[in-house]
Protein chains: 4
Amino acid sequence: MNSGSRQQALVEAAFNCIAARGFEGLRLREVAKEAGIDHSTLHHYFPTKEDLVAAVVEHATRQFWKTMPPQPSAAATVRYHLAVLADMIRARPELFAVLRELDLRAARDARIAEVVTRSERGWHEALRGVLAEALPGADVAATADLVISVARGVSLAPDQAPAVFAQLEVLLDLTD
Amino acid sequence: MNSGSRQQALVEAAFNCIAARGFEGLRLREVAKEAGIDHSTLHHYFPTKEDLVAAVVEHATRQFWKTMPPQPSAAATVRYHLAVLADMIRARPELFAVLRELDLRAARDARIAEVVTRSERGWHEALRGVLAEALPGADVAATADLVISVARGVSLAPDQAPAVFAQLEVLLDLTD
Amino acid sequence: MNSGSRQQALVEAAFNCIAARGFEGLRLREVAKEAGIDHSTLHHYFPTKEDLVAAVVEHATRQFWKTMPPQPSAAATVRYHLAVLADMIRARPELFAVLRELDLRAARDARIAEVVTRSERGWHEALRGVLAEALPGADVAATADLVISVARGVSLAPDQAPAVFAQLEVLLDLTD
Amino acid sequence: MNSGSRQQALVEAAFNCIAARGFEGLRLREVAKEAGIDHSTLHHYFPTKEDLVAAVVEHATRQFWKTMPPQPSAAATVRYHLAVLADMIRARPELFAVLRELDLRAARDARIAEVVTRSERGWHEALRGVLAEALPGADVAATADLVISVARGVSLAPDQAPAVFAQLEVLLDLTD
DNA sequence: AATGAATGAGTGTTCATTCAT
DNA sequence: AATGAATGAACACTCATTCAT
């Protein structure tokens with residue numbers, strides 16, 4: 001087993017701990033145990049807890065953000081994006097729970113704030129681009145923020161995701 | 001000083017700690033110190049940390065939820081509600097940050113889940129009532145969930161609250 | 001048992017550990033055990049290890065320095081002082097070993113340097129005063145430094161203390 | 001680079017660590033890093049930390065003790081010796097700080113005590129020989145111990161070395 | 001020789017909780 | 001109620017040492 005996979009295993013174990021018990025429930029010994037190594041070996045890969053957390057933050061944001069695949073029309077691209085979002089939130093609620101923990105922590109941790117901001121900037125820009133085409137005349141910046149707010153908010157109640165995104169789609173009037 | 005106000009002071013101190021440093025940064029000694037009492041004395045009012053947290057949860061949800069004051073029309077009532085929401089989120093971001101921490105914790109703490117659910121149910125019902133009148137023919141349940149999702153999501157980026165709620169109002173087409 | 005004696009007991013236990021195993025062998029758990037309390041209770045009295053060490057430093061320097069009791073003549077006072085020094089070093093070699101550890105540590109710890117310097121200053125001044133009277137015409141500052149150097153040096157080989165101080169007395173020609 | 005020089009480099013690196021941070025601050029990883037090798041490789045040269053320390057002890061005592069070069073007269077030899085001592089202490093205070101750490105450690109480590117004793121014995125004998133000639137009638141054993149005590153003591157306050165040794169020379173009345 | 005991974009005992013420190021007064 | 005003392009389990013982190021290559 002090479003060192004890359006060990007680090008990866010540790011990050012995933014840490015991610016699972018955070019998903020299950022929140023940041024406050026993150027215990028290095030438990031992470032190491034789940035990854036099948038001694039807890040002091042963990043420090044060989046991540047000298048401090050903060051370093052591990054930083055890796056988890058990168059991991060979580062990278063997992064979330066996938067490019068928006070172009071569809072026959074801009075409106076279709078937006079509709080598809082909303083549908084994918086709804087599906088992801090339902091399929092992987094823990095990922096989104098962790099992302100929301102990150103949002104909260106960003107307010108008091110500059111290191112996290114930077115990653116979160118960077119991650120959101122990309123999403124926001126992509127959203128603005130496709131919304132400008134799909135909804136000419138609309139306030140695309142505010143609309144992008146609205147979409148992101150809905151995604152954030154509904155990931156705190158994952159079961160509602162399909163209905164909420166469907167309703168958002170109706171309101172946006174995304175006809176070709 | 002009667003015991004009621006002592007408890008109140010402790011709950012507020014705890015709330016402030018959570019707002020400032022999150023649940024993971026809640027220290028009983030610090031709460032007691034901020035309330036001006038010995039940390040052992042705190043246990044006379046709240047036997048365990050969990051009890052204090054429960055009180056904070058009640059405190060936070062009570063603070064948030066205020067009845068929706070009726071306006072000349074149902075549409076005006078909704079518009080007013082959205083505006084109040086935007087104002088509150090901007091004025092008291094810590095309150096909403098704590099409420100979001102609660103949403104996250106509800107997923108792993110049944111005691112919190114119960115309070116959060118109860119609080120949301122009231123809000124949801126009130127919203128459905130006024131939306132049914134303001135937007136006849138609309139899917140009021142989904143719309144109420146959408147409004148709540150937006151409020152939740154935007155409280156993670158409080159600065160965007162006015163613009164996002166304004167955009168939501170536009171999409172809802174809330175004319176009299 | 002009042003808190004004063006507890007602190008005293010802890011300081012003495014810490015002193016004994018340092019005397020027996022040096023600063024590098026100072027273990028908080030062991031100190032607490034020797035004082036008969038739980039190791040975390042120690043932090044109730046001394047929040048950090050550094051605080052405990054500071055108290056030990058004060059304790060050690062205070063123990064050493066006792067005023068020079070005046071004798072019939074200045075020369076007799078110096079002779080008596082040297083004799084007392086020789087006796088103390090033989091009687092309590094660990095105390096002087098700890099004081100020498102302090103001298104060494106003072107080079108890399110400003111907090112210790114301050115206490116050591118303060119302690120030595122008093123000694124040096126008293127020595128200069130009585131030497132000026134006992135040995136008119138001598139370089140009292142250099143002689144005082146010499147006496148202190150001898151005391152320091154011989155405390156690293158306590159058995160030689162009587163002989164070395166006796167020889168120093170001879171050289172100083174301390175006749176009335 | 002042959003293994004002899006590697007060992008030498010490690011010993012010197014260890015010596016520097018002890019000089020800078022004391023025995024308690026001696027870290028094998030740091031020593032290895034300063035010597036430019038992996039910390040595991042260090043164990044090929046010195047199986048245990050104690051072995052490295054033993055080598056440092058030899059190194060330090062060997063560095064100090066250099067034979068007393070004969071001068072025109074025995075008194076001049078002693079005077080020269082004191083002057084060299086004063087110069088060395090001022091020029092290389094860290095060496096003498098380490099030697100004093102060794103004296104202290106000798107009290108609780110037989111392995112170190114042996115080296116320290118052996119080193120001192122040579123010095124003491126040489127001193128007795130030349131003192132017997134320079135100061136006929138004096139208690140040469142006690143005087144040699146006195147000189148050694150002064151050297152030890154003043155190396156804890158290196159700045160005073162010249163003045164203290166000058167004063168010792170005066171008291172010894174080392175005229176030809 | 002040389003290395004990076006791995007270990008485990010141990011280090012100071014924290015903190016909710018309980019006890020005695 | 002109120003306090004300060006006391007507890008013990010848990011924590012992140014350190015470090016000499018060993019193992020596999």
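Because the structure is predicted, anything quoted here is derived from the model rather than measured. Convention: sequence-line order gives letters A, B, ...; per-chain numbering from 1.
Rounded to whole Å, atom P of dC11(F) lies 8 Å from atom CD of Glu30(A). Between Leu42(B) atom CG and dT3(F) atom P the separation is 11 Å, expressed in whole Å. As rounded to whole Å, 14 Å separates atom C1' of dG4(E) from atom CD1 of Ile37(D). One interatomic measurement links the two molecules: NZ of Lys33(B) to P of dT3(F), which rounds to 14 Å at whole-angstrom precision. Rounded to whole Å, atom C1' of dA12(F) lies 15 Å from atom CG of Leu10(A). Atom CZ in Phe23(C) sits about 17 Å away from atom P in dT11(E), given to the nearest Å. In this structure, Glu24(B) atom CD and dC11(F) atom P are separated by 14 Å, rounded to whole Å.
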Just the table, please: protein N/O against nucleotides 15-19 of chain F N/O, every pair under 3.5 Å.
residue, atom, partner, partner atom, Å
dC15(F), OP1, Arg27(D), NE, 2.2
dC15(F), OP1, Arg27(D), NH2, 3.3
dA16(F), OP1, Leu26(D), O, 3.3
dA16(F), OP1, Lys49(D), NZ, 3.1
dA16(F), OP2, Leu28(D), N, 3.2
dA16(F), N7, Arg29(D), NH1, 3.1
dT17(F), OP2, Lys49(D), N, 2.7
dT17(F), O4, His39(D), NE2, 3.4
dT18(F), O4, Ser40(D), OG, 3.4

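Between Glu24(A) and Arg105(B) a salt bridge is recorded (basic side-chain N to carboxylate O distance below 4.0 Å). Contact check on Arg118(B) versus Glu120(B) returns no salt bridge, with no Lys/Arg side-chain nitrogen under 4.0 Å from an Asp/Glu carboxylate oxygen. With salt bridges taken as basic N to acidic carboxylate O contacts below 4.0 Å, one links Glu101(C) and Arg108(D).
A donor and an acceptor atom, one from each side chain of Asp38(B) and Thr41(B), are nowhere located under 3.5 Å apart.
Distances were taken from every side-chain heavy atom of Asp38(A) (C-beta onward) to each of dT3(F), dG8(E), dA5(E); the shortest belongs to dG8(E).
Of the side-chain N and O atoms in Thr41(B), none sit less than 4.0 angstrom from OP1 or OP2 of dA1(F). In terms of phosphate contacts, Tyr45(C) brings no side-chain nitrogen or oxygen within less than 4.0 Å of OP1 or OP2 of dG4(F).
The ring of Phe23(B) has its center no closer than 6.0 angstrom to the ring center of Phe23(A).
Side chain of Ser119(B) to backbone of Val115(B): no donor-acceptor contact under 3.5 angstrom is found.
In this model, no side-chain donor or acceptor of His44(A) finds a partner on the base of dA6(E) within 3.5 Å.
A 4.5 Å side-chain heavy-atom check between Arg27(B) and Lys33(B) finds every atom pair outside the cut-off.
With rounding to the nearest 0.5 angstrom, the CG atom of Leu95(D) is 4.5 Å from the CG atom of Leu99(D).
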Output the pairing pattern of DNA chain E as a dot-bracket string, 5' first, Watson-Crick or G-U wobble with both distances under 3.5 Å, | for cross-strand pairs, [ ] for crossing pairs. .||||||||||||||||||||

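Under the side chain to side chain donor-acceptor pair (under 3.5 Å) criterion, Arg21(C) pairs with Glu30(C), not counting sequence neighbours.
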